[in-house]
Amino acid sequence: MKMIATWNVNSIRVRLPQVLEWLEKESPDVLCLQETKVTDEDFPAEAFRGVGYHAVFAGQKTYNGVATLSRAPADAVVALLPGADDAQPPSGTQTPQKRLLAATIEGVRVLNVYIPNGEEVGSDKYAYKLSWLGALEKFLAEELRSHPKLVVLGDYNIAPEEVDVHDPKLWEGRVLFSDRERAVFRRLVQLGLVDVFRKFEQPEKSFSWWDYRMNGFKRNFGLRIDHILCSAVLAADCRACSIDKEPRRHERPSDHAPVVARFEPSIS
DNA sequence: ATGGCTTGAGTGTCAAGA
């Protein structure tokens, strides 16, 4: 396995042609998708099989939903985060929320995550985000014990540092960039993970999400909230990590861009 | 200024995302 990627597609129904095109062009070994927004019976597994990918998926109607596509089959699949919905989820939300998919692919433990948005600091959804992150931290610590080759990638909905935000003053204290969220991100890293994007020199103002409104992409008003965190063993063999802005320029784009990590020699 | 776009649900218009 030499290339893994993550992409919040904001509806797999709408984005399917773009994802198929991207797979054919880039040929990653693994692609983790978030916000598929379909139930499992509506997931387009056949279309992915047609271009040479296995798919595992955990979806629900309208919201959330994660899927992991891979050249090699996925084993030991866990489709729910233990303890995530123990605390009261925000009123009116469907439970359990489908936001995590763990799978072992060619001996690498791949944790695909769609961390809650949190809406606004102090809201019910913000409390749910922190509670969900607490459950993730616990699950991750356990998974790391049994899987030295582990990667956690997806839409974290957290911009970890000032350089990850187009206007840190504007975003100070706000959801996605609040101190508590950033502290949790640091705690996840301290479990023994590396944010591989920051292992390498990167262009100034590198972001993975831009608001659809106000020409956010053209003005590069964005945030880096999609991340690839690797265990030390995998990070040592990571040779590059980049954000592919090309799909964000398409007609009807997702508001997120794919993030890609490359390894040498093969990590499997 | 609490908007701005986009998607899904469902067919009028709202919730949710970030």
Side-chain angles (χ1 to χ4, degrees), chain A residues 6-19 33-44 57-67 85 88-100 113-130 132-133 154-182 184-185 205-227 243 245 247-259:
Chain A
T6 178
W7 192 3
N8 178 324
V9 290
N10 184 17
S11 167
I12 194 57
R13 261 197 268 265
V14 175
R15 232 64 67 193
L16 181 60
Q18 293 183 37
V19 176
L33 305 175
Q34 302 86 35
E35 281 205 270
T36 54
K37 298 187 176 181
V38 289
T39 54
D40 290 348
E41 55 269 30
D42 288 333
F43 187 84
F57 35 91
Q60 65 190 84
K61 207 165 134 180
T62 314
Y63 304 116
N64 311 320
V66 282
D85 292 282
Q88 190 68 31
S91 59
T93 58
Q94 304 166 69
T95 56
Q97 298 195 4
K98 302 297 179 65
R99 296 178 173 277
L100 176 127
V113 296
Y114 174 47
I115 291 173
N117 166 283
E119 191 186 32
E120 190 182 355
V121 173
S123 67
D124 286 356
K125 287 177 185 168
Y126 185 75
Y128 179 71
K129 181 178 194 171
L130 293 174
W132 199 95
L133 283 164
D155 178 358
Y156 282 67
N157 272 315
I158 301 172
E161 303 292 340
E162 290 204 349
V163 290
D164 300 316
V165 177
H166 69 91
D167 184 347
K169 280 274 181 290
L170 177 72
W171 282 87
E172 190 177 358
R174 291 168 66 166
V175 77
L176 314 181
F177 191 56
S178 72
D179 290 343
R180 291 180 73 184
E181 292 162 87
R182 293 168 65 193
V184 175
F185 187 89
K205 299 185 182 296
S206 284
F207 307 126
S208 66
W209 169 87
W210 301 261
D211 203 308
Y212 283 126
R213 301 166 294 186
M214 304 291 287
N215 280 317
F217 183 65
K218 278 185 183 160
R219 300 154 81 189
N220 200 28
F221 288 179
L223 305 173
R224 191 177 72 96
I225 53 177
D226 300 270
H227 307 295
I243 296 165
K245 290 169 76 170
R248 189 63 176 79
R249 300 188 187 103
H250 286 183
E251 289 290 312
R252 292 193 84 180
S254 168
D255 43 357
H256 295 253
V259 184

Whether the side chain of [X] engages the backbone of [Y] through a donor-acceptor N/O pair (distance < 3.5 Å, no angle test) should be reported.
X	Y	answer
A:E181	A:L176	yes
A:D211	A:G216	no
A:R182	A:P160	yes
A:Q18	A:R252	yes
A:N157	A:G118	no

Using the [atom1] atoms only, state how far [M] lies from [N], rounded to an integer number of Å.
N	M	atom1	result
B:dG4	B:dT13	P	16 Å
B:dT11	B:dA1	P	36 Å
B:dA15	B:dG10	P	14 Å
B:dG17	B:dT2	C1'	15 Å
B:dC14	B:dG3	C1'	15 Å
B:dG12	B:dT7	P	22 Å

Within residues 208-215 of chain A, the residues having a heavy atom closer than 4.0 Å to DNA chain B are A:W209, A:Y212, A:R213, A:M214

Which of residues 164-177 of chain A have a heavy atom under 4.0 Å from DNA chain B?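 Residues of residues 164-177 of chain A under 4.0 Å from DNA chain B: A:L176.
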
Measure from [atom1] on [X] to [atom2] on [N] and round the result to the nearest Å.
X	N	atom1	atom2	result
A:R248	B:dA18	CZ	C1'	12 Å
A:I115	B:dG17	CD1	P	14 Å
A:H250	B:dC5	NE2	P	22 Å
A:E120	B:dG17	CD	C1'	14 Å
A:F43	B:dG8	CZ	C1'	17 Å
A:Q60	B:dA16	CD	C1'	12 Å
A:R219	B:dC5	CZ	P	11 Å
A:N117	B:dT6	CG	C1'	14 Å

Is the shortest side-chain N/O distance from [X] to OP1 or OP2 of [N] below 4.0 Å?
X	N	value
A:N64	B:dA16	no
A:S11	B:dT6	no
A:H256	B:dA18	yes
A:Y114	B:dA18	yes
A:K37	B:dT6	no
A:K61	B:dA9	no
A:N10	B:dT7	no
A:R13	B:dA9	yes
A:R252	B:dC5	no

Residue mapping more 5' on DNA chain B - nearest nucleotide basis, A:V14 or A:Y63: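 In this pair, the answer is A:V14.
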
Considering heavy-atom distances to DNA chain B, does A:P116 or A:I12 have its closest nucleotide positioned more toward the 5' end? A:I12

Sidechain N-carboxylate O distance under 4.0 Å for A:E120, A:K125: no

A:E41 atom CD: more than 12 heavy-atom contacts under 6.0 Å: yes

Separation of A:I158 CD1 from A:S178 OG (nearest 0.5 Å):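 The OG atom of A:S178 sits 8.0 Å away from the CD1 atom of A:I158.
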
Centre of A:F217's six-membered ring, under 6.0 Å away, within 45 degrees of the axis: is that where NZ or CZ of A:R249 sits?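 Pair A:R249/A:F217 does not count as cation-pi.
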
Identify whether NZ of Lys or CZ of Arg in A:R224 sits under 6.0 Å from the centre of the six-membered ring of A:F207 and within 45° of that ring's axis.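 Not satisfied by the 6.0 Å and 45° rule.
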
If you apply the rule side chain to side chain donor-acceptor pair (under 3.5 Å), what do you find for A:N10 with A:Y212, and how did you get there? CA-CA 12 Å; A:N10 184 17; A:Y212 283 126; 3.1 Å; yes

Let's go through A:Q97 and A:Y128 carefully: what are the C-alpha distance in whole Å and the side-chain angles of both, what is the deciding distance for side chain to side chain contact (heavy atoms under 4.5 Å, CB included) to 0.1 Å, and is it a yes or a no? CA-CA 11 Å; A:Q97 298 195 4; A:Y128 179 71; 3.3 Å; yes

At under 4.0 Å between heavy atoms, what does A:N8 touch on the DNA or RNA strands: base, sugar-phosphate, or nothing? sugar-phosphate

Any base atoms under 4.0 Å from A:D155, or only sugar-phosphate, or nothing? Heavy atoms, all strands. sugar-phosphate

Any donor-acceptor N/O pair under 3.5 Å between B:dA18 base and A:D255 side chain: no

From C-beta outward on A:R99, which listed nucleotide comes closest to its side chain: B:dA9, B:dG17, B:dA18?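 Looking only at side-chain atoms, A:R99 lies closest to B:dG17.
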
